Amino acid sequence: MRSEMDSMSENQVWTLVEPPEGIKPIGCKWVFKKKTDMDGNVQTYKGRLVAKGFRQIHGVDYDETFSPVAMIKSIRILLAVAAFHDYEIWKMDVKTAFLNGKLEEDV
């Protein structure tokens, strides 16, 4: 939890303000997960603060949803090019990828 909160604070994820009159903010909750290895031994503990989006009403709280994903065809092409040129391939996990999105709405 501390790592998640420090990351959000460091990246200035939000500014705490009073909600406008007549607006009920969407709540949030912590989701916890244990990451285990192949033998079932716990490697790390993870905690994420998530919005309770299921309480939103389409057309009132939001108009559309969008989540960019890579097409498998694109991944195969990149892997083929890397194999042809004998490139090394590295994977990475981005903890705060959502911070790159720009919102024009009040949240």
Side-chain angles (χ1 to χ4, degrees):
M1 284 174 65
R2 175 61 32 215
S3 172
E4 182 83 354
M5 292 300 290
D6 288 344
S7 175
M8 288 187 275
S9 175
E10 183 179 309
N11 290 293
Q12 300 173 349
V13 172
W14 64 72
T15 303
L16 191 58
V17 298
E18 291 295 320
E21 193 170 318
I23 301 295
K24 183 178 177 188
I26 294 170
C28 58
K29 69 177 183 175
W30 284 98
V31 176
F32 299 101
K33 190 174 189 179
K34 292 182 204 174
K35 294 282 190 163
T36 58
D37 61 12
M38 291 174 43
D39 298 325
N41 301 318
V42 176
Q43 293 294 312
T44 58
Y45 296 94
K46 293 192 137 197
R48 292 183 299 138
L49 184 63
V50 297
K52 294 181 180 178
F54 58 86
R55 295 200 174 163
Q56 293 178 317
I57 300 168
H58 181 67
V60 175
D61 297 314
Y62 68 95
D63 292 319
E64 63 179 340
T65 58
F66 176 73
S67 179
V69 293
M71 292 189 307
I72 190 69
K73 186 188 296 187
S74 302
I75 295 170
R76 285 183 176 167
I77 290 169
L78 288 173
L79 291 174
V81 170
F84 180 79
H85 291 289
D86 199 27
Y87 292 154
E88 286 188 28
I89 299 174
W90 294 58
K91 81 169 190 148
M92 60 184 237
D93 183 19
V94 180
K95 284 187 176 184
T96 53
F98 68 92
L99 296 176
N100 293 319
K102 300 292 182 203
L103 297 176
E104 296 177 11
E105 304 86 3
D106 289 335
V107 180

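Since this is a predicted model, take the numbers as computed values, not measurements.
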K.L.:
Count the heavy atoms of every other residue, nucleotide or ligand shown that sit under 6.0 Å from CZ of F32, and state whether that count exceeds 12.
P.N.:
yes
K.L.:
Looking at residues at least two apart in the chain, or sitting in another chain, which of them share a salt bridge (Lys or Arg N to Asp or Glu O under 4.0 Å) with D6?
P.N.:
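D6: salt bridge (Lys or Arg N to Asp or Glu O under 4.0 Å) contacts with R2.
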K.L.:
Which hydrophobic side chains are connected to I89, either touching it within the sub-4.5 Å cutoff or through other members that do?
P.N.:
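Members other than I89 - counting any ILVMFWY side chain reachable under 4.5 Å - are I75, L79.
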K.L.:
Name all residues meeting the ring pair (Phe, Tyr, Trp, His ring centres under 6.0 Å) criterion together with Y45; count only those two or more places apart in sequence or in a different chain, and write none if there are none.
P.N.:
none
K.L.:
Taking atom CD of E18 and atom CD1 of I23, what is their separation to the nearest 0.5 Å?
P.N.:
13.5 Å
K.L.:
Could you tell me whether K52 atom NZ has more than 12 heavy atoms of other residues or ligands within 6.0 Å of it?
P.N.:
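Atom NZ in K52 is crowded, with more than 12 foreign heavy atoms closer than 6.0 Å.
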K.L.:
Looking only at non-hydrogen atoms, find the nearest pair between D37 and Q43 and report the distance.
P.N.:
OD2-NE2, 3.0 Å
K.L.:
Distance from K29 atom NZ to R48 atom CZ, nearest 0.5 Å?
P.N.:
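K29 NZ to R48 CZ: 10.0 Å, rounded to 0.5 Å.
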